[in-house]
Amino acid sequence: MSRPTPLRDVHESLGATLTDFAGWLMPLRYGSESAEHRAVREAAGLFDLSHMGEIFLTGPQAAEALDYALVGHLSALAVGRARYTMIVNERGGVLDDLIVYRLGDEEFMVVANASNYEKVARELQERAKAYDAVVEDRSDRYALIAVQGPRAQEILATLTDADLAGLKYYAGLPGTVDGRQALIARTGYTGEDGFELFVAGEDAVPLWGALMTAGEPYGLKPAGLSSRDTLRLEAGMPLYGNELDAELTPFDAGLGRVVKFDKPGDFVGRSALEAVKDDQPRRRLVGLVARGRRVPRHGYPVTRDGAVVGEVTSGAPSQSLGKPIAMAYVDTGADSGLAVDIRGSHEPVDLVELPFYRRNK
């Protein structure tokens with residue numbers, strides 16, 4: 001049975017179509033997913049992300065434990081800042097992509113994907129055993145609400161006196177929103193400016209209501225998983241299970257920059273990743289733009305002259321481009337003459353560099 005978030009009743013009252021996602025009952029859409037997508041690009045959208053996992057590492061050696069457990073250099077992270085990173089296995093395969101927030105000198109919060117957070121918590125507990133650090137999965141205590149879009153700061157500013165203008169991208173600060181304690185983070189998964197609010201589960205419903213009321217004059221709409229997926233696809237952001245999995249290394253995904261070999265000490269997967277860091281991957285992750293109207297979908301073969309040279313990992317109609325788009329792994333060197341096999345019809349596509357969409361800053 002799918003697990004509800006603290007906002008389930010709110011979603012139902014708004015007429016959301018609910019679906020199972022990674023064992024959670026989540027809003028797929030509230031009405032028109034294209035309208036929700038446009039709201040985030042043009043004004044703002046409100047997302048329930050309470051299915052994500054929050055895992056805390058505390059103690060004198062919490063930073064060193066994370067340096068060993070993850071591919072990033074987390075001990076170099078300043079208090080109040082966040083970093084995108086990954087946890088890999090001994091073979092260098094990606095177990096999950098993560099955001100790590102440094103909340104204090106000896107306190108970190110690791111945010112993991114819903115489908116993986118229990119696995120990530122177990123791995124962190126095992127990898128931290130040799131360090132003076134405590135690993136605690138606190139996911140059950142938190143709700144996570146995101147306000148994303150060009151008017152997100154204006155909306156949130158009506159409910160908090162926190163210094164939003166001074167808050168940098170990939171940074172967070174404690175504050176109150178509508179009188180409720182929150183970690184206010186300038187992060188997101190849409191390609192737009194925005195904020196993610198980590199709050200106690202019991203505060204989720206009143207905070208959602210306050211944000212809906214505050215955002216109404218600005219064009220804010222509640223947004224579901226469907227629009228979140230098309231937004232992140234336009235922004236070229238990977239989704240675990242599609243663009244990332246345990247058979248792929250960060251280098252395969254074009255994300256080798258997150259692997260920090262110059263940090264002190266060893267880390268899990270280091271030897272395997274060092275062995276491939278200078279190799280040209282057999283396949284690379286690229287963007288595809290369809291010339292026609294048919295949509296490339298996950299799992300569809302990418303072909304050239306009838307031969308399979310890759311596979312689509314994510315695909316959808318793009319509201320911003322007005323054309324179907326996809327991310328795909330294609331053979332290195334296969335740069336032109338590509339098509340996607342859509343139920344036996346080889347539909348021509350153009351290869352482009354990611355992302356498809358960049359916001360105006």
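- Side-chain contact between V40 and F47: present, with at least one pair of heavy atoms (C-beta onward) separated by less than 4.5 Å.
- Exactly one residue among T303, V349, D305, V286 makes a side-chain contact (heavy atoms from CB on, under 4.5 Å) with L338. That residue is V349.
- In this structure, R291 places its CZ atom where more than 12 heavy-atom neighbours from other residues, nucleotides or ligands lie under 6.0 Å away.
- The existence of a salt bridge linking R141 and E136 is confirmed by a sub-4.0 Å separation between a basic side-chain nitrogen and an acidic carboxylate oxygen.
- Contact record, G92 with P250: O-CD, 3.5 Å, taken as the closest heavy-atom pair.
- For the atom pair CD1 (I55) and CD (E123), the distance works out to 11.0 Å, reported to the nearest 0.5 Å.
- Between D262 and K260, none of the side-chain N atoms (NZ, or NE/NH1/NH2) sits under 4.0 Å from a carboxylate O, so this pair counts as no salt bridge.
- Distance alone, capped at 3.5 Å, places no donor-acceptor pair between the N116 side chain and the N113 backbone.
- A 6.0 Å sphere centred on CD of E12 holds more than 12 heavy atoms belonging to other residues, nucleotides or ligands.
- Two different hydrophobic clusters hold Y169 and I155 under the rule that ILVMFWY side chains link at heavy-atom gaps under 4.5 Å.
- Using a 4.0 Å cut-off between charged side-chain N and carboxylate O, R270 and E274 make a salt bridge.
- Residues V309 and I342 share a single hydrophobic cluster, defined by chaining ILVMFWY side chains whose heavy atoms lie under 4.5 Å apart.
- Side-chain heavy atoms closer than 4.5 Å link hydrophobic residues (I, L, V, M, F, W, Y) into clusters, and following such links, even through other members, never connects L225 to L25.
- Once rounded to the nearest 0.5 Å, the distance linking CG of L273 with CZ of R91 reads 11.5 Å.
- Criterion: ILVMFWY side-chain heavy atoms under 4.5 Å apart, direct or through other members. Under it, L159 and V205 are part of a common hydrophobic cluster.
- Judged purely by atom type and a 3.5 angstrom limit, S227 uses its side chain to pair as donor or acceptor with the backbone of G224.
- Nearest approach of A82 to I99, heavy atoms of both residues: CB-CG2, 4.0 Å.
- Counting only distance, with no hydrogens or angles, the side chain of T160 and the backbone of A157 share no donor-acceptor pair below 3.5 Å.
- A donor-acceptor pair under 3.5 Å is absent between the side-chain atoms of E33 and the main chain of R29, judged by distance alone.
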### Message
Before you tell me yes or no, could you show the steps for V312 and V302 under side-chain contact (heavy atoms from CB on, under 4.5 Å), namely the whole-Å CA-CA distance, both residues' side-chain angles and the distance that decides it to 0.1 Å?
### Response
CA-CA 7 Å; V312 173; V302 181; 4.0 Å; yes
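- Here the closest heavy-atom approach between residue N242 and residue H298 is recorded as ND2-ND1, 3.9 Å.
- Residues P324 and P296 have side chains in contact (heavy-atom distance under 4.5 Å, counting atoms from C-beta outward).
- P222 has its side chain out of reach of E36: every pair of non-hydrogen atoms, C-beta onward, lies at least 4.5 Å apart.
- The stretch residues 210-265 participates, sequence neighbours left out, in no ring pair (Phe, Tyr, Trp, His ring centres under 6.0 Å) pair at all.
- Proximity of a side-chain donor or acceptor of E234 to a complementary backbone N or O of Q319 within less than 3.5 Å is detected.
- If you check the side chains of H11 and Y30, you find a donor sitting under 3.5 Å from an acceptor.
- Side-chain contact of R41 with T190: a donor-acceptor pair under 3.5 Å is absent, judged by distance alone.
- Side-chain atoms of K263 come within 3.5 Å of backbone atoms of G72 as a donor-acceptor pair (strictly under, hydrogens ignored).
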Test L70 against F267 for side-chain contact (heavy atoms from CB on, under 4.5 Å), laying out the working first. CA-CA 7 Å; L70 309 179; F267 64 89; over 6 Å; no
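- The line from CG of D335 to CG of D350 is 12.0 Å long, rounded to the nearest 0.5 Å.
- Using a 4.5 Å heavy-atom threshold, the side chains of K129 and Q125 count as separate.
- Between atom CD of residue Q181 and atom CG of residue L197 there is a gap of 12.5 Å, rounded to the nearest 0.5 Å.
- The two atoms that bring A121 and V135 nearest to each other are O-CG1, 4.2 Å, heavy atoms only.
- Atom CD1 of residue I184 and atom CG of residue L173 lie 5.0 Å apart, to the nearest 0.5 angstrom.
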Check: Between E192 and Y357, is a side chain to side chain donor-acceptor pair (under 3.5 Å) present by the stated rule, with each step listed?
Finding: CA-CA 10 Å; E192 296 295 340; Y357 167 88; 2.5 Å; yes
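- With hydrogens and angles left out, the side-chain atoms of Q153 and R186 include a donor and acceptor closer than 3.5 Å.
- Hydrophobic clustering (side-chain heavy atoms under 4.5 Å, transitive across Ile, Leu, Val, Met, Phe, Trp, Tyr) groups L49 together with Y84.
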Validation: residues 100-108 side-chain donor-acceptor distances under 3.5 Å, sequence neighbours left out:
{"residue": "Y101", "atom": "OH", "partner": "T187", "partner atom": "OG1", "Å": "2.9"}
{"residue": "R102", "atom": "NE", "partner": "G104", "partner atom": "O", "Å": "3.3"}
{"residue": "R102", "atom": "NH1", "partner": "S75", "partner atom": "O", "Å": "3.1"}
{"residue": "R102", "atom": "NH1", "partner": "L77", "partner atom": "O", "Å": "2.9"}
{"residue": "R102", "atom": "NH2", "partner": "D105", "partner atom": "O", "Å": "2.8"}

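- Under the 4.0 Å criterion applied to side-chain N and carboxylate O atoms, E347 and R294 are assigned as salt-bridge partners.
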message: Checking D266 against Y68 for the side chain to side chain donor-acceptor pair (under 3.5 Å) test, could you report, in this order, the C-alpha distance in whole Å, the side-chain angles of both residues, the deciding distance, and whether it holds?
response: CA-CA 6 Å; D266 195 13; Y68 172 72; 5.8 Å; no
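- Although no hydrogens or angles enter the test, the distance criterion places no donor-acceptor pair under 3.5 Å between the side chain of D203 and the main chain of P206.
- Between L233 and D229, the closest side-chain pair of non-hydrogen atoms is not below 4.5 Å.
- Paired with S320 under the rule side-chain contact (heavy atoms from CB on, under 4.5 Å), one option of R359, H37, R358 passes, and it is H37.
- Of all the heavy atoms in S50 and T5, the pair that sits closest is CB-CB, 3.9 Å.
- Below 30°, between 30° and 60°, or above 60°: for Y142 and F56 the angle between ring planes is below 30°, a parallel geometry.
- Interatomic distance, M237 CE to M327 CE, rounded to the nearest 0.5 Å: 10.0 Å.
- Between the side chain of D20 and the main chain of S2, no donor-acceptor pair closer than 3.5 Å is present.
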- prompt: side-chain contact (heavy atoms from CB on, under 4.5 Å) between V71 and I87: does it pass, once the steps are laid out?
  reply: CA-CA 6 Å; V71 300; I87 183 169; over 6 Å; no
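- In this structure, F198 and M109 have side chains that are in contact, with non-hydrogen atoms separated by less than 4.5 Å.
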- Hey, mind stepping through V94 and T249 against side-chain contact (heavy atoms from CB on, under 4.5 Å) and telling me if it holds? CA-CA 6 Å; V94 179; T249 73; 5.7 Å; no
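- No donor-acceptor distance shorter than 3.5 angstrom exists from the side chain of E243 to the backbone of P238, with no hydrogens or angles considered.
- Side-chain N or O atoms of R297 include one that pairs as donor or acceptor with a backbone N or O of G315 at under 3.5 Å.
- Of all the heavy atoms in A114 and H51, the pair that sits closest is CB-O, 3.2 Å.
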R3 vs D140, test: salt bridge (charged side-chain N to carboxylate O under 4.0 Å, His left out). Steps then yes/no. CA-CA 11 Å; R3 180 179 175 183; D140 288 344; 2.4 Å; yes
